[in-house]
Amino acid sequence: MDNINVRFAPSPTGYLHVGGLRTALYNYLFAKQNNGNLILRIEDTDQSRKVDGAISNLVESLNKCGIIFDKGPERYDKNDLFIQSNRLHLYHDAVELLLDDGYAYICLDDNFQKYRDKIFSKEELVNKEYHVRLKIPNNELSFDDDIRGKINFDLSLINDPVILKTDGFPTYHLANVVDDHDMHISHVIRGEEWLPSTPIHVLLYQYFNWELPVFIHLPLLLNPDKSKLSKRQGHVAVDDFLNDGYLADALINFIALLGWNPKTNDELFSIDQLINQFNINNVQKAGAVFDIDKLNWMNAQYLKNTEVSQLLPIAKKIFINNNFIIKDESDLVSIVEFGKSRCNTIKDIVQLANPFFQDLTYNPDYLSLLADSKSKAIYLILIEKIEGLQLVSESDIKLIISDIGNKMNLKGKDLFFPIRLAIWGDVHGPDIGLIIKILEKEKSLERLHRALNYGK
RNA sequence: GGCCCGUUCGUCUAGUGGUUAGGACUCAGGGUUUUCAUCUCUGCAACAGGAGUUCGAUUCUCCUACGGGCUACCA
């Protein structure tokens, strides 16, 4: 094949679904590795389902994930994206062709059988509502799917489908085929849900006498219960994942591996590496469950391996969205630094950082430790030492604490648990020096006093 | 119901006419880390079933079961 052109063809009904993201990704990877073009085509032939702003939303989400569309073939280069509702004349011309050849017929109502062999003149149609249907013959039809092989259908089982609606808009079947041909689409890579309507499309190609593209039907993304992935448990909108602090690169990496694998033990791939390694012929036939646990793990890998400086802009946005006020950017750096190796998402980091910003609640399992006399003794010394400092630094605190440890002959958990409990509310958490530095002198002392007085 | 597609650990998957059926996530346990996490080691766990073909089938064929998709003047 000399010219590779593929397309992602969503309808503008709202947000970008992760299933759509994967379809777009596979198209993108296939286009890039073949020096081809990826076209975005908006299939908005159902005017009632149109949602305002959906198109820019779609493009934005896709771009955030690194999927960028090429311009179409030369004669379309005024637009990067093509909208079917702007191309109605093409479909009307196509319908005329079909009508002329007797491959389609006009119906005045839903009882289409009786119109099958009728021919209306222009005059008869004046002021009449009508739609157009495609004539499906009674023979067998087979076509090839690149990952499934030969697929056979008995066309006698299919009703004549509508190709032009009463409102003058084409249905998916017609618009899809006309556009794919017009845009020189060489490979149709789309979800498996389209497999059953492919014979209609193939028939259309035959009627028009157009060259068939290669069909590749991708397996579906599934809910844990194996049904088609839907909004039920957890979210499916790409933006929701992004807003929760899943990194676009991680999402792409994860989704690429749902239905495809490199046949090695490697699992972490940048989008450029994917372009190199992806092979559409290795794509799985069976559907893949969208396993959030694995996504979480993958995102954790990316978080851990990404520099704080790169994470910062994203983290800042998410912290602000969650009503956290960042006084000092260096605090945010510390928090992200601390959180990125122990969280799955940036939102988790926000959660983890909660005690920095909110009033302390003690872990109920350790209340007795708080009341312990040894703990009180530690608090007393700590308060005294911190009060003596102008400014608290991490290194000062470290020194003070090891000093206390030596003096009281305490180490490890015996030393750190009581202190962290007092200033953090729990025995586990960030390094004590870091907590006190971010909390600053006043707030640290306040918490230590509160702990000192606990149970009194 | 009809048509189409599918079926290797719970999940994502590798793999072969003869393998201890491999990896990853999850889970469990150990080590490292003066907390936790990271990291690391170990363990649990799969060829849907039945007939063929074959010296031998998880691998090839057929059937059954199960799962999913489609069955709109939605895409």
Side-chain angles (χ1 to χ4, degrees), chain A residues 9-13 20 42-50 84 107 109-110 112 129-133 145 147-149 151-159 161-173 175-176 190-199 217 219-228 254-268 282 284-298 300-301 303-305 338-343 352 401-402 405 410-421 424 426-432:
Chain A
S11 52
T13 53
I42 301 299
E43 310 222 322
D44 62 344
T45 52
D46 184 351
Q47 293 293 293
S48 65
R49 298 210 314 161
K50 214 167 168 171
Q84 289 186 328
C107 299
D109 56 60
D110 281 343
F112 60 89
E129 287 217 321
Y130 66 92
H131 65 271
V132 179
R133 283 180 192 262
D145 180 283
I147 63 183
R148 280 160 223 277
I151 295 169
N152 304 305
F153 279 90
D154 181 356
L155 292 182
S156 67
L157 268 11
I158 302 177
N159 275 153
V162 173
I163 52 172
L164 190 72
K165 298 184 270 189
T166 314
D167 65 2
F169 280 78
T171 56
Y172 168 81
H173 304 299
N176 178 264
R190 81 233 290 196
E192 193 188 348
E193 69 269 32
W194 298 112
L195 206 45
S197 54
T198 306
H217 288 93
L220 261 19
L221 256 33
L222 271 25
N223 289 314
D225 70 359
K226 306 264 189 187
S227 57
K228 189 171 160 183
F254 171 69
I255 246 165
L257 260 20
L258 248 32
W260 172 83
N261 77 88
K263 294 178 182 286
T264 66
N265 285 342
D266 301 329
E267 292 198 284
L268 266 19
N282 281 154
Q284 216 72 239
K285 292 187 179 98
V289 172
F290 189 95
D291 181 14
I292 193 76
D293 281 336
K294 183 105 187 213
L295 203 214
N296 283 336
W297 170 80
M298 181 140 321
Q301 298 302 305
L303 235 33
K304 200 174 60 198
N305 296 328
F338 164 72
K340 81 188 190 93
S341 69
R342 63 202 78 205
C343 288
L352 195 69
I401 290 175
S402 69
L410 291 171
K411 61 176 185 172
K413 296 179 181 182
D414 295 334
L415 177 61
F416 291 101
F417 275 16
I419 301 174
R420 192 176 285 107
L421 189 60
W424 189 251
D426 205 340
V427 297
H428 302 305
D431 186 76
I432 292 170

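Per chain, numbering begins at 1; letters A, B, ... match sequence-line order. In this text, all values refer to a predicted model and were calculated from it rather than measured experimentally.
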Chemist: For the side chain of A/Thr171, counting heavy atoms from C-beta on, which of B/rG6, B/rC70, B/rC73 is nearest?
Modeler: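 It is B/rC73.
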Chemist: For the P atoms, the ones on B/rG6 and on B/rC39, what distance do you get once it is rounded to whole angstrom?
Modeler: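 Going atom to atom, P in each nucleotide, I get 38 Å.
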Chemist: Taking the minimum atom-to-atom distance to the side chain of A/Leu195, which one of B/rA75, B/rA24, B/rC4 wins?
Modeler: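 Looking only at heavy atoms from C-beta outward on A/Leu195, the closest nucleotide is B/rC4.
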Chemist: Anything under 30° is parallel, anything over 60° is perpendicular, the rest tilted; go ahead and classify A/Phe417 against A/His428.
Modeler: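 Plane angle over 60°, so perpendicular.
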Chemist: Go ahead and name the base partner of B/rG52; Watson-Crick or wobble counts if both distances stay under 3.5 Å, otherwise write none.
Modeler: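 B/rC60 is the nucleotide pairing with B/rG52.
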Chemist: Among the candidates B/rG69, B/rC5, B/rC12, find the nucleotide nearest to the side-chain atoms of A/Val289.
Modeler: B/rC12
Chemist: Answer yes when A/Arg49 and A/Asp46 have at least one side-chain N-carboxylate O distance shorter than 4.0 Å, and no when they do not.
Modeler: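 A/Asp46 and A/Arg49: salt-bridged.
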Chemist: Given that A/Asp293 and A/Leu222 both sit by RNA chain B, which one's nearest nucleotide is further toward the 5' end?
Modeler: A/Asp293
Chemist: For A/Phe417, report the nucleic acid contact type (base, sugar-phosphate, nothing); a contact means any heavy atom under 4.0 Å.
Modeler: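 It contacts sugar-phosphate atoms only.
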Chemist: Expressed as a whole number of Å, how far does the P atom of B/rC12 sit from that of B/rC47?
Modeler: 16 Å
Chemist: Just the rounded figure in Å: distance from P of B/rG69 to NZ of A/Lys228.
Modeler: 7 Å
Chemist: Taking C-beta and beyond as the side chain, do A/Phe416 and A/Ile401 meet within less than 4.5 Å on heavy atoms?
Modeler: yes
Chemist: Hey, does the side-chain of A/Asp110 have a donor or acceptor N/O within less than 3.5 Å of a partner on the base of B/rC73?
Modeler: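 For A/Asp110, whose side chain was compared with the base of B/rC73, there is a donor-acceptor pair (under 3.5 Å).
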Chemist: Using the P atom in both, what is the distance from B/rG67 to B/rA28, to the nearest Å?
Modeler: 31 Å
Chemist: In whole angstrom, give the distance that lies between atom CG of A/Leu352 and atom C1' of B/rU38.
Modeler: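 It is 13 Å, rounded to the nearest whole Å.
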Chemist: Are A/Leu257 and A/Lys294 side-chain neighbours, meaning at least one heavy-atom pair lies under 4.5 Å?
Modeler: no
Chemist: Is there a side-chain contact between A/Arg148 and A/Pro219 in this structure, where contact means two heavy atoms from C-beta onward sitting under 4.5 Å apart?
Modeler: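 A side-chain contact under 4.5 Å exists here.
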Chemist: Measure from the side-chain heavy atoms of A/Pro196 and tell me the nearest of B/rC70, B/rU26, B/rC74.
Modeler: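 Nearest to the side-chain atoms of A/Pro196, counting from C-beta on, is B/rC70.
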Chemist: Please examine the side chains of A/Thr198 and A/Phe153, heavy atoms only from C-beta on, and report whether any two atoms are closer than 4.5 Å.
Modeler: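 No, every pair of side-chain atoms sits at 4.5 Å or beyond.
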Chemist: Need the pair for B/rA65. Rule: Watson-Crick or G-U wobble, both distances under 3.5 Å, any strand; none if unpaired.
Modeler: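 Base-paired to B/rU7.
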Chemist: Under 4.0 angstrom, heavy atoms only, what part of the nucleic acid is A/Phe153 near: base, sugar-phosphate, or nothing?
Modeler: sugar-phosphate
Chemist: Distance check needed: B/rC3 P versus A/Ile158 CD1, whole Å only.
Modeler: 12 Å
Chemist: Looking only at side-chain atoms of A/Ala286, point me to the closest of B/rU34, B/rG2, B/rU7.
Modeler: B/rU7
Chemist: If you measure from the P atom in B/rU16 to the same atom in B/rG30, how many Å do you get, rounded?
Modeler: 39 Å
Chemist: Below 4.5 Å, heavy atoms only, C-beta onward: do A/Trp194 and A/Asn176 meet side chain to side chain?
Modeler: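 Heavy-atom side-chain distance check fails, nothing below 4.5 Å.
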Chemist: Both distances under 3.5 Å, Watson-Crick or G-U wobble: report the partner of B/rU42, or none.
Modeler: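 Check on B/rU42: paired to B/rA28, both distances under 3.5 Å.
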Chemist: Base, sugar-phosphate or nothing for A/Gly405? Non-hydrogen atoms, less than 4.0 Å.
Modeler: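 Here A/Gly405 touches no strand at all.
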Chemist: A/Leu220 has a side chain; which of B/rG68, B/rC74, B/rC4 sits nearest to it?
Modeler: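 Among B/rG68, B/rC74, B/rC4, the one nearest the side chain of A/Leu220 is B/rG68.
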Chemist: Would you say a side-chain N or O of A/Arg49 is under 4.0 Å from OP1 or OP2 of B/rA75?
Modeler: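 No, A/Arg49 has no side-chain N/O under 4.0 Å of OP1/OP2 on B/rA75.
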Chemist: Mind checking the P distance from B/rC4 to B/rC9? Whole angstroms is fine.
Modeler: 26 Å
Chemist: Is there a Watson-Crick or G-U wobble partner for B/rA14 with both distances under 3.5 Å, and if so, which one is it?
Modeler: none
Chemist: Heavy-atom nearest nucleotide on RNA chain B for A/Glu192 versus A/Thr45: which residue maps closer to 5'?
Modeler: A/Glu192
Chemist: As a test of reading the structure: which of B/rA37, B/rA75, B/rC73 is closest to the side chain of A/Thr166, going by heavy atoms?
Modeler: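 So the nucleotide nearest the side chain must be B/rC73.
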Chemist: I want to verify a distance call: between B/rU38, B/rA75, B/rA14, whose nearest atom is closest to the A/Ser341 side chain?
Modeler: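 Nearest listed nucleotide: B/rU38.
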Chemist: Between A/Lys50 and B/rA75, is there a side-chain N or O to OP1/OP2 distance below 4.0 Å?
Modeler: no
Chemist: For A/Ile163, report the nucleic acid contact type (base, sugar-phosphate, nothing); a contact means any heavy atom under 4.0 Å.
Modeler: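 No contact at all - A/Ile163 keeps every heavy atom at 4.0 Å or more from the nucleic acid.
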Chemist: Provide the distance between the two P atoms, one in B/rA48 and one in B/rG31, to the nearest whole Å.
Modeler: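 Per the computed distance, 39 Å lies between those P atoms.
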Chemist: Check the distance between B/rG69's C1' and A/Gln284's CD and give it to me in whole angstrom.
Modeler: 17 Å
Chemist: Looking for any heavy atom pair under 4.0 Å, which part of the strands does A/Arg148 touch: base, sugar-phosphate only, or nothing?
Modeler: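 Sugar-phosphate, backbone atoms only, no base.
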Chemist: Given the P atoms of B/rU13 and B/rU19, what is the spacing between them in whole Å?
Modeler: 26 Å
Chemist: If you only use heavy atoms from C-beta on, which nucleotide in B/rC73, B/rC12, B/rG15 is closest to the side chain of A/Lys263?
Modeler: B/rG15
Chemist: State the pairing partner of B/rU33; accept Watson-Crick or G-U wobble contacts with both distances under 3.5 Å, and report none otherwise.
Modeler: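 For B/rU33, the partner nucleotide comes out as none, under the 3.5 Å rule.
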Chemist: Could you tell me whether the side chain of A/Glu267 reaches within less than 4.5 Å of the side chain of A/Gln301, counting heavy atoms only?
Modeler: no
Chemist: Picking from B/rU26, B/rC70, B/rC74, which would you name as closest to the side chain of A/Glu193?
Modeler: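 From the listed options, B/rC70 comes nearest.
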Chemist: Can you measure A/Asn282 atom CG to B/rC12 atom C1' for me and round it to whole angstrom units?
Modeler: 15 Å
Chemist: Looking for any heavy atom pair under 4.0 Å, which part of the strands does A/Thr198 touch: base, sugar-phosphate only, or nothing?
Modeler: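 Counting heavy atoms under 4.0 Å across all strands, no contact is made by A/Thr198.
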Chemist: Please give, in whole Å, the distance from B/rU35 C1' to A/Leu415 CG?
Modeler: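 To the nearest whole Å, that distance equals 11 Å.
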Chemist: Do A/Asp44 and A/Gln84 have side-chain heavy atoms sitting under 4.5 Å apart?
Modeler: yes
Chemist: Atom CG of A/Asn261 and atom P of B/rG22: how far apart are they, to the nearest Å?
Modeler: 17 Å
Chemist: When you check the phosphate oxygens OP1 and OP2 of B/rA72, does a side-chain N or O of A/Lys165 lie under 4.0 Å from one of them?
Modeler: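 For B/rA72, neither OP1 nor OP2 has a side-chain N or O of A/Lys165 closer than 4.0 Å.
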Chemist: B/rC44 and B/rG49: how far apart are their C1' atoms, nearest whole angstrom?
Modeler: 25 Å
Chemist: Would you kindly give the CG-to-P distance between A/Asn152 and B/rC5, to the nearest whole Å?
Modeler: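 To the nearest whole Å, that distance equals 7 Å.
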